[in-house]
Amino acid sequence: HLVFSTLHTNDAASTILRLIDMKLSPSIIAPAVNLMLSQRLVRKVCAQCSFKKETTAEELKKFKAVFADMPIRVPVPPFDERAQIPRVKGCKLCNNTGYKGRMGVFELLQIDDEAEKVIVAKPTQAQLAEMAKRGGMVSMKQDGFLKVLSGITTIEEIESIVG
């Protein structure tokens with residue numbers, strides 16, 4: 001049977017802790033859960049008034065920090081000080097916000113054999129985060145920054161929603 005359920009957590013890895021808090025046994029959780037998806041909605045830049053501008057030195061540092069531990073399997077578009085990223089201005093179409101519409105940023109944590117062993121041992125948040133990173137999970141922040149490089153949203157929006 002395939003069952004979808006929702007829980008309110010900060011990220012995909014925290015789902016395990018929430019289930020344990022709900023008095024589910026870790027030995028039951030580990031084999032029963034296949035994957036966890038966490039999502040947040042971010043605003044998309046307005047197609048009418050947004051424009052692109054080169055990255056600042058500070059923004060370049062943020063990109064480097066976010067992508068430092070990006071899984072090798074995920075292609076990161078090239079970025080440097082000449083990379084053009086979206087900026088917002090505001091117009092009548094977007095009610096002078098610079099944004100129109102929303103889209104999701106996601107992270108997906110797949111439970112494999114290593115993850116099952118970690119879950120059964122009643123892990124801490126830090127252990128779950130490390131397990132997710134070793135398993136090759138792309139975080140919501142990383143997904144968001146990829147969407148910035150794709151011209152869909154802004155760094156400011158990602159940081160305000162994802163942190």
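Here the structure is a predicted model, which means the values were calculated and not measured.
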Using ring-ring contact (aromatic ring centres under 6.0 Å, His included) as the criterion, list what pairs up with Phe79, not counting sequence neighbours.
-> Phe63, Phe67
Nearest-0.5 Å distance that lies between atom OG in Ser139 and atom CE in Met70 = 7.0 Å
Can you list every ring pair (Phe, Tyr, Trp, His ring centres under 6.0 Å) pair that touches residues 105-125, not counting sequence neighbours?
-> none
Qualifying side-chain hydrogen bond (donor to acceptor under 3.5 Å, both in side chains) pairs, either residue in residues 147-156, two or more places apart = Tyr99-Thr154, Asp143-Lys147
Can you name the nearest heavy-atom pair linking Val120 to Ser27, along with the distance?
-> CG2-CA, 4.2 Å
If you count the non-hydrogen atoms of other residues, nucleotides and ligands that lie under 6.0 Å from CD in Gln110, is the total more than 12?
-> no
Over all atoms of both residues, closest heavy-atom pair of Met140 and Ser38 = CE-OG, 3.5 Å
Give the minimum heavy-atom separation between Ile158 and Gly144, together with the two atoms involved.
-> CD1-CA, 3.4 Å
Give every residue pair that meets the salt bridge (charged side-chain N to carboxylate O under 4.0 Å, His left out) criterion with at least one member in residues 44-55, sequence neighbours excluded.
-> none
In terms of hydrophobic clusters joined by side-chain contacts under 4.5 Å, are Val88 and Ile155 together?
-> no
Where do Gln48 and Cys94 land on the side chain to side chain contact (heavy atoms under 4.5 Å, CB included) test, with the steps shown first?
-> CA-CA 8 Å; Gln48 184 72 31; Cys94 63; over 6 Å; no
Using the test salt bridge (Lys or Arg N to Asp or Glu O under 4.0 Å), find all partners of Arg73 that sit at least two apart in sequence or belong to another chain.
-> none
Note, Asp112 side chain near Lys117 side chain (heavy atom, < 4.5 Å) | no
Measure across Ala129 and Ala13 and return the closest heavy-atom pair with its distance rounded to 0.1 Å.
-> N-CB, 4.5 Å
Sequence neighbours excluded, which residues qualify as salt bridge (Lys or Arg N to Asp or Glu O under 4.0 Å) partners of Asp113?
-> none
Would you mind reporting whether Arg18 and His8 have side-chain heavy atoms less than 4.5 Å apart?
-> yes
Any salt bridge (charged side-chain N to carboxylate O under 4.0 Å, His left out) pairs touching residues 5-16, not counting sequence neighbours?
-> none
Partners meeting salt bridge (Lys or Arg N to Asp or Glu O under 4.0 Å) with Arg43 (sequence neighbours left out) = Glu157
Please name the pair of heavy atoms, one in Cys91 and one in Cys46, separated by the smallest distance, quoted to 0.1 Å.
-> SG-SG, 3.8 Å
The remaining residues in the hydrophobic cluster of Leu24, counting side-chain heavy-atom contacts under 4.5 Å among Ile, Leu, Val, Met, Phe, Trp and Tyr, are Leu7, Ile16, Leu17, Leu19, Ile20, Met22, Ile29, Val33, Met36, Leu109, Ile111, Val118, Ile119, Leu128, Met131, Met137
Partners meeting salt bridge (Lys or Arg N to Asp or Glu O under 4.0 Å) with Asp69 (sequence neighbours left out) | Lys133
Report whether Leu149 and Met103 are members of the same hydrophobic cluster (ILVMFWY, side-chain heavy atoms less than 4.5 Å apart, transitive linking).
-> yes
Does any pair with a residue in residues 87-105 pass salt bridge (charged side-chain N to carboxylate O under 4.0 Å, His left out), and if so which ones, sequence neighbours excluded?
-> Glu59-Arg87
Is there a path from Val148 to Val45 through hydrophobic residues (I, L, V, M, F, W, Y) whose side chains come within less than 4.5 Å of each other?
-> no
Qualifying ring pair (Phe, Tyr, Trp, His ring centres under 6.0 Å) pairs, either residue in residues 121-140, two or more places apart | none
Spacing of CZ belonging to Arg82 relative to OG1 belonging to Thr55, to within rounding of 0.5 Å = 9.5 Å
